[in-house]
Number of protein chains: 2
Amino acid sequence: MSTVEHRAAALKALIASEHRRVTSYDVATLAGVSQSAVSRCFKPGASVSKTTYELVMKVAALLDYIPNAAARSLITRRSNMVALIITNQANLYYPELLAEVSQQINARGKRVLLFTLQRESQVDHVLADVWQYQVDGVIAAAQLSPVHIAEFERRGMPLVLFNRTMRDQIVNTVTCDHLEAGRLLASRLAAAGHRQFGIIGGGRDSSVATERQRGACERLAELGLPPPVVVPGQYDYRSGAAGLKAVIAQLGTVPDAVICGSDVMAIGCLDCARHELGLDVPGQLSVAGFDAVEPSNWASYNLTTLRQPVPRMAAAAADLLCERIDSHDPGTEKRVFSVEFIDGATARLTPAGATPPRVATGLPRPVAIM
Amino acid sequence: MSTVEHRAAALKALIASEHRRVTSYDVATLAGVSQSAVSRCFKPGASVSKTTYELVMKVAALLDYIPNAAARSLITRRSNMVALIITNQANLYYPELLAEVSQQINARGKRVLLFTLQRESQVDHVLADVWQYQVDGVIAAAQLSPVHIAEFERRGMPLVLFNRTMRDQIVNTVTCDHLEAGRLLASRLAAAGHRQFGIIGGGRDSSVATERQRGACERLAELGLPPPVVVPGQYDYRSGAAGLKAVIAQLGTVPDAVICGSDVMAIGCLDCARHELGLDVPGQLSVAGFDAVEPSNWASYNLTTLRQPVPRMAAAAADLLCERIDSHDPGTEKRVFSVEFIDGATARLTPAGATPPRVATGLPRPVAIM
DNA sequence: TTGTAGGCGTTATCAG
DNA sequence: CTGATAACGCCTACAA
């Protein structure tokens, strides 16, 4: 007499010899039910009797059967995959972004198909793959052109941009208010008496750095302070040192404060100031960054910086995308978060809320800065 | 008279109204060829006349047609996807690993399905997804149990472990020789006259830290030095400071050198020694790490450490996996890389190749240390 | 609750 | 080189 275990083993051997996979049909045959019954057992909330369910599951386990996602997505037209397009830089500087997005997407029953970009030019290649793989939606932490955005539109592919803003584009985004962040930093530094600023910006393709820089400049102008010296940077450690020297060269003297477009540049700036130029920070020079990356909090730096709520932003991006996927509604939405001020030890600051210097324009001073 | 462009536009509208995708059949109809002809045009190296090819491609472009990967993988039994399983920690400390692996996999015509692990317990969940999605192979930078490994075997799923070794398991791995790295560091420090060592290890589940630690201890014993004080760590900044204090407490004095299981811990140790305990590093205490992460090279640290050739290892992992996938050969292989010594400024060292102290056991001294 | 039958969109085979 | 036809493994009305 042959038990179901024995017959399962024999069937498995046969299947292996035929170089094919275990299918729902195999399970059905062995369990003595129809193929659709098996299918229903693997669909949550389907109508199956408890007896059938248990029998099918037992046989499935015996055969190591697992439904084939490709076949499923063919008929459901849902791959349950989301593409995540991210630049190398973004992952280097916010490694937690990836983990958070991935966790959030998985928590919503979808998988992440990952594409990392080394160069801007790889975008076209990556998008071709995205269309092929029939992902349900895309989260992009990379610069897309309006032409690319239009293609998403045309194909009806839900898209969420992470920390990228596109002027005049109707598209879902999750961002921090980087303009406000730049203004805030300028306000706080100006309130503490800094007058001459240097700014080390980010790359040309980064809307984030541009916004931060614009916010700071705007605010300094409002306060009637002398125009800051602005030099470009590439977001890396070396840019910080090079940027500081360039600022000093252009100014002919050491500025009161340097605002850097990212923490890594701020740290480069800081190390250069202290170890290479022998400057006292914050005594002679204040240095501030953006992002609050892990090293900014280390004892050797203790950087004055602004933190983005990356985990919350990642969750929002996942949320927003899944909403768009499930609702089939092409409407767009922008979710904007505020930064958190990190009062480190690399800038001379007066306590938040202290009276800032009267603004040159004579405007009433803002009620609250933070 | 209706041009092909007009008819394409009309067909697209029809397809959209039917809520279905553009298929190769649509292209075939519009181009006046068979569906198989269209299929062949998208298969590199297939036998198609130039005329047909160009006609089909033109029509395909007009319709925005792109082959459906799910349907293809159903029949070819190849998804051209590779799962990458990585712990959050690994991505935090080696963010370049992800980018490199991803690039290498893409360069080989495959995509990366990403799974990040927050906890060990998520492995089972992740593996279930891996089977569902019919990936062609898996690269794992996470700890898998022998039971998991056996399941890969059973399902004939190619697997490459990244920087994890499994005793008595027949499995493909790409690793650094961490035992050798630990020995090397101990040798160099001992050669420079350090006698009493402290070691801050890694978590229990990390074979990497264990090997490094074992190598160092082994070598110190061979050299007849007093047994080092070993304390556990969790790979993070705080563990470095806590570890240093624990070592000092256990020893009753400051050791000559502390070997840390990772750079981040070494940096924590360094900051604690300098800023909290007021110790002169390397004057009173030498500190060394492992991994040569980016901050280890910053001016404030300039850490003595060992670098793993991460890009080469990533390429090797991708290579090895693709080989296993394409060859259908279940044979396994282990690729082992050597670390590179980074002679920073946090340890007193004599130049490489200088005569080390005679070993206590009287064995002939090794020909070359590096 | 269960089984039957058709189709998702592609590639592979084979005859012409 | 080209076209007809049969899979691939599953989901889903629909009928029983």
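Here is the naming used below: chain letters follow the sequence lines, and residue numbers restart at 1 for every chain.
Counting heavy atoms from C-beta outward, A:V171 and A:E153 have side chains that stay 4.5 Å or more apart.
Between the side chains of A:S121 and A:R119, at least one donor N or O sits under 3.5 Å from an acceptor N or O. Of the N and O atoms on the side chains of A:T29 and A:D26, not one donor lies less than 3.5 Å from an acceptor on the other residue.
Among the atoms of the strands shown, none is found under 4.0 Å from any heavy atom of A:S73. Here B:T76 lies in heavy-atom contact (under 4.0 Å) with sugar-phosphate atoms only.
Across all their heavy atoms, A:S102 and B:T116 have their closest contact at OG-OG1, 2.8 Å. Of all heavy-atom pairs between B:T173 and B:R164, the closest is CG2-O, 3.6 Å. For the pair B:V123 and B:L144, the tightest heavy-atom approach, listed with the atom from each and the gap, is CG1-CD2, 4.0 Å. Of all the heavy atoms in B:Q35 and B:S24, the pair that sits closest is NE2-OG, 2.8 Å. Shown here for A:V174 and A:A316, the closest heavy-atom pair between the two residues is CG2-C, 4.1 Å. Of all the heavy atoms in B:F115 and B:A83, the pair that sits closest is CE1-CB, 4.1 Å.
We find the OG-CZ distance between B:S39 and B:R72 to be 7.5 Å, quoted to the nearest 0.5 Å. Here A:F152 contributes atom CZ and A:Q169 contributes atom CD; the two are 12.0 Å apart, rounded to the nearest 0.5 Å.
Of the residues in residues 19-33 of chain B, those placing a heavy atom less than 4.0 Å from an atom of DNA chain C are B:R21, B:T23, B:S24, in numerical order. Interface residues of residues 53-72 of chain B facing DNA chain D, ordered by number: none; criterion, heavy-atom separation under 4.0 Å. Heavy-atom distances under 4.0 Å link DNA chain C to A:R40, A:S47, A:V48, A:S49 of residues 39-49 of chain A, given in residue order.
Heavy-atom contacts of chain B under 4.0 Å fall on DNA chain C between two terminal nucleotides, which in 5' to 3' order are C:dG9 to C:dA12.
At its two ends the helix from C:dT1-D:dA16 to C:dG16-D:dC1 runs along axes set 30° apart, each axis drawn from five pairs and the angle rounded to 10°.
By the neighbour-count criterion of 12 heavy atoms within 6.0 Å, atom CD1 of A:I170 is sparsely surrounded, having that number or fewer from other residues, nucleotides or ligands. Residue-environment remark: NZ (B:K334) exceeds the threshold of 12 foreign heavy atoms within 6.0 Å. Within 6.0 Å of CZ in A:R312 there are 12 or fewer heavy atoms belonging to other residues, nucleotides or ligands.
Rounded to a whole Å, the CZ atom of B:R77 is 10 Å from the C1' atom of D:dG9. Here the C1' atom of nucleotide D:dG3 and the CD atom of B:Q35 are 10 Å apart, to the nearest Å.
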Just list the side-chain donor-acceptor pairs under 3.5 Å for residues 49-65 of chain A, sequence neighbours left out, or say none.
{"residue": "A:S49", "atom": "OG", "partner": "A:T52", "partner atom": "N", "Å": "3.2"}
{"residue": "A:S49", "atom": "OG", "partner": "A:T52", "partner atom": "OG1", "Å": "2.7"}
{"residue": "A:D64", "atom": "OD1", "partner": "B:R154", "partner atom": "NH1", "Å": "2.8"}
{"residue": "A:D64", "atom": "OD2", "partner": "A:K12", "partner atom": "NZ", "Å": "2.8"}
{"residue": "A:D64", "atom": "OD2", "partner": "B:R154", "partner atom": "NH1", "Å": "2.3"}

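For B:Q134 against D:dC8, no side-chain N or O and base N or O form a donor-acceptor pair under 3.5 Å.
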